[in-house]
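Note sheet for the following structure.
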Amino acid sequence: MNRFSLEQMERAISRKPEPAPDFEAMWSTIEEEVGRRHSGQSSTVKRSSVTRKWVPAAASAVVFLAVAVPVFAAINPGWDLWGRPGVNNAIQHGFGEPLDLSARQSGTTMKLHGVVTDGEQMDVLFTMQVPGLPDYDAVDFESVSLSDSKGKDAKPNVLLKRDEEKDTLKGMFELQDELKKSKRSMHLDASNLVFYQYDDLPLAGDIAEGSRLVPSSSSGGFAAVEIQSIVRKNDQLTIRYALTSPLEDPGDLDPHLEITSGSHTYQSVSRAVLPPDGNDLLCQSTFTIPEREWKGTKLHLTYLQEVKRVAGTWAFDFNADGSKASEAIYSKPLPANEEQAANVNLNLKQLVITPLQIRIPYRQDSNDWTEGVRRFTKVSLQLGDQRIEGSDYHTGMYEKVRHREYLDEGYLRFESPTWFKDWSGEPMKLIFSGLEITKRDLSKHWYDLAAPTATEQQVQMDLDGRKVTFTYYLKGSQLIVKSSSEDPTFKGVSQSVIRAGGKEILPDYVPAPPSSGPFTKVETYSNLPEGTALQLNPGVYVLLEPDETVEAAIN
């Protein structure tokens with residue numbers, strides 16, 4: 001269940017944008033797996049039972065169903081949800097199946113208006129008339145299921161947004177399109193519409209590593225916040241904490257920290273829920289707070305609290321036909337281009353255009369960590385005189401067996417701002433920017449460490465022209481290594497390596513949350529051999545080339 005409406009996400013973004021996830025955590029995980037295999041350990045990884053979805057299903061898959069029918073008569077032609085003109089295009093050009101169905105429960109009427117798909121994803125458009133619609137921060141159904149005549153049952157993602165009309169919600173159910181070219185009878189059940197607002201509980205206790213802070217009230221179902229680490233760099237403060245709660249899925253209520261200083265409230269600029277630590281919910285939040293404001297700050301635990309519930313199950317039966325979807329899809333293969341593939345590290349396979357989206361499937365070109373793995377964090381499509389910002393959707397990883405490399409495959413995707421019957425003459429090019437280069441070269445960059453003590457010592461490294469400081473010290477029997485740089489083009493170290501007695505040792509695995517960088521990395525080495533000379537290598541690190549762009553003509 002996803003209790004985060006896109007409206008809530010838009011509010012959060014308007015306050016302070018949370019950075020899109022980067023992939024140093026992926027490299028770290030892969031390195032951990034490699035280290036385990038080299039050492040003969042089993043690769044058991046605990047996964048969180050709590051899945052936090054900060055982006056809607058629209059950012060996870062793409063959609064369209066084409067049926068030769070008139071334009072939707074039952075829907076306002078301005079049905080342009082959340083900046084997705086493709087949905088509106090599909091409806092206006094008849095590439096969808098209109099529905100005019102309604103069900104009423106507890107005085108609330110739900111109406112289904114139509115189905116749109118493109119062989120990848122299905123959208124079911126609906127509205128809800130809710131008398132006394134409350135103010136809310138999040139809204140969701142307790143359960144939604146969509147089944148077909150073949151017995152396949154799916155759990156759609158829900159996008160809900162307050163309409164301009166009083167007491168009305170407008171929304172979509174999104175799920176993977178199983179129709180393809182078939183016709184099927186569908187059954188939809190949506191149960192118990194629940195509205196939430198954020199509340200906060202002041203936390204009593206000192207803000208320090210090892211502190212256990214107790215909420216001022218137990219009404220939220222949270223027992224304590226245990227601070228595991230605090231990292232300060234200039235005006236940035238990062239707090240990692242474990243949240244104890246008797247609730248079965250406390251992450252569903254989006255618990256997170258806020259900081260108050262006097263009359264000012266600081267919200268996190270980035271936050272993440274990490275793989276759990278035992279039964280606790282492990283979280284990390286980063287704040288931007290001037291150092292002068294740090295004294296006298298207080299922590300608050302903020303979470304979602306139910307404010308209204310509309311009980312009942314809205315049930316519908318309808319038919320969906322995907323047999324003519326291919327008639328509205330334009331596609332063409334893209335020729336191999338070795339120079340282009342090397343520049344963007346992607347083999348672009350095909351141009352696929354539907355009334356909903358423009359997609360370019362790809363396979364990653366290579367993972368040469370010594371030379372550096374190139375990854376562009378931003379991509380846009382120049383379509384005639386229009387520039388459309390896009391995103392990168394990873395469908396999985398495949399193993400290039402010859403070189404034992406794990407490579408991404410997926411597609412670049414863009415909202416289609418318009419619809420042409422013939423796309424062949426429309427000029428298009430991709431513009432890649434925001435380059436990140438991930439490197440790891442164990443043939444160099446080894447630095448001798450003086451015998452570690454409880455007192456901090458430092459090693460200065462020059463990594464591709466970036467000055468990086470490694471600070472190390474003993475904490476009990478553990479060696480702590482911190483790495484940071486004042487160079488804005490050095491994003492950070494993902495996973496360092498220590499050589500002891502000729503053996504390469506990786507730090508303890510700690511889940512890493514998304515970060516836009518640059519960041520300070522804190523790593524812990526346990527059970528290092530005593531009395532052995534140590535050497536430190538930066539291991540996996542990430543460089544930024546913010547000014548580099550690459551263009552690729554595709555049509």
Side-chain angles (χ1 to χ4, degrees), residues 1-16 18 50-57 81-82 103-111 126-144 155-173 189-203 215-223 225 243 245-260 265 267-268 271 273 281 283 285 299-314:
M1 179 165 52
N2 178 14
R3 289 181 178 167
F4 296 88
S5 69
L6 197 60
E7 186 171 0
Q8 173 207 355
M9 284 178 270
E10 288 170 342
R11 294 177 187 174
I13 290 170
S14 67
R15 293 196 304 260
K16 284 186 179 179
E18 296 193 17
V50 179
T51 302
R52 175 58 44 228
K53 298 175 182 175
W54 291 107
V55 292
L81 289 176
W82 307 289
R104 185 176 176 86
Q105 291 286 335
S106 301
T108 294
T109 300
M110 179 184 218
K111 295 182 178 180
F126 69 94
T127 55
M128 297 200 75
Q129 294 176 332
V130 186
L133 185 67
D135 291 331
Y136 63 89
D137 293 310
V139 56
D140 196 8
F141 294 96
E142 273 198 334
S143 66
V144 179
K155 305 298 181 185
N157 287 282
V158 183
L159 283 77
L160 274 167
K161 187 174 183 179
R162 186 188 297 266
D163 197 8
E164 294 178 0
E165 185 178 342
K166 183 181 179 181
D167 293 344
T168 300
L169 296 174
K170 183 182 290 186
M172 290 194 293
F173 298 118
D189 282 327
S191 299
N192 298 335
L193 183 67
V194 187
F195 297 86
Y196 304 85
Q197 280 188 329
Y198 280 110
D199 196 1
D200 72 81
L201 298 172
L203 297 173
S216 59
S217 168
S218 60
S219 61
F222 301 102
V225 171
L243 179 62
S245 171
L247 300 176
E248 182 177 353
D249 289 313
D252 277 355
L253 298 179
D254 186 31
H256 59 277
L257 297 181
E258 291 184 354
I259 294 180
T260 59
T265 299
Q267 298 175 359
S268 55
R271 55 190 173 98
V273 176
L281 194 65
C283 308
S285 297
L299 275 180
H300 292 248
L301 178 65
T302 301
Y303 63 99
L304 287 171
Q305 188 174 52
E306 183 178 322
V307 294
K308 182 180 176 69
R309 172 181 294 259
V310 182
T313 297
W314 293 265

> Atom CG of D140 and atom CG of N192: how far apart are they, to the nearest 0.5 Å?
Replying inline: 11.0 Å

> Quick one: does S106's side chain have a donor or acceptor within less than 3.5 Å of a partner on G312's backbone?
Replying inline: no

>> I need the minimum non-hydrogen distance between G132 and K308, along with the two atoms involved.
In response: O-CE, 3.8 Å

>> Please report the interatomic distance CG(L201) to CG(L299), rounded to the nearest 0.5 Å.
In response: 12.5 Å

> Does L160 reach the side chain of Y136, with side-chain heavy atoms less than 4.5 Å apart?
Replying inline: no

> Between F141 and M128, does a side chain to side chain contact (heavy atoms under 4.5 Å, CB included) hold up when you go through it step by step?
Replying inline: CA-CA 12 Å; F141 294 96; M128 297 200 75; 3.3 Å; yes

> Going from CD on E306 to CG on L253, what distance comes out if it is rounded to the nearest 0.5 angstrom?
Replying inline: 10.0 Å

> F173 vs F126 aromatic rings, parallel, tilted or perpendicular, using cut-offs 30° and 60°?
Replying inline: parallel

>> On a heavy-atom basis, which atom in P255 and which in L281 lie closest, and how many Å separate them?
In response: CG-CD2, 4.0 Å

>> Could you tell me if the side chain of T313 sits less than 4.5 Å from the side chain of Q105, heavy atoms only?
In response: no

> What's the verdict on side chain to side chain contact (heavy atoms under 4.5 Å, CB included) for T168 and L133, showing C-alpha distance, side-chain angles and the deciding distance?
Replying inline: CA-CA 7 Å; T168 300; L133 185 67; over 6 Å; no

> So which heavy atom on D135 is nearest to which on R162, and how close?
Replying inline: CA-NH2, 3.7 Å

> Of the non-hydrogen atoms in P246 and G221, which two are nearest, and what is the gap between them?
Replying inline: CD-O, 3.3 Å

> In Å, rounded to the nearest 0.5 Å, how long is the span from NZ of K170 to OG1 of T127?
Replying inline: 8.5 Å

> CD/Q267 to CD1/I259 distance, rounded to the nearest 0.5 angstrom?
Replying inline: 11.5 Å

> Do the non-hydrogen side-chain atoms of W314 and D189 ever get within less than 4.5 Å of each other?
Replying inline: no

> Hey, what do you get for NE2 (H256) to OH (Y303), rounding to the nearest 0.5 Å?
Replying inline: 12.0 Å

>> Restricting to non-hydrogen atoms, name the atom on A190 and the atom on M110 that form the minimum distance, rounded to 0.1 Å.
In response: CB-CE, 4.1 Å

> Does the pair Y196 and V307 meet the rule for a side chain to side chain contact (heavy atoms under 4.5 Å, CB included), with working shown?
Replying inline: CA-CA 5 Å; Y196 304 85; V307 294; 5.7 Å; no

> Closest heavy-atom contact between S285 and L257?
Replying inline: OG-N, 4.4 Å

> If we only count heavy atoms from C-beta on, is the P215 to L203 side-chain gap below 4.5 Å?
Replying inline: yes

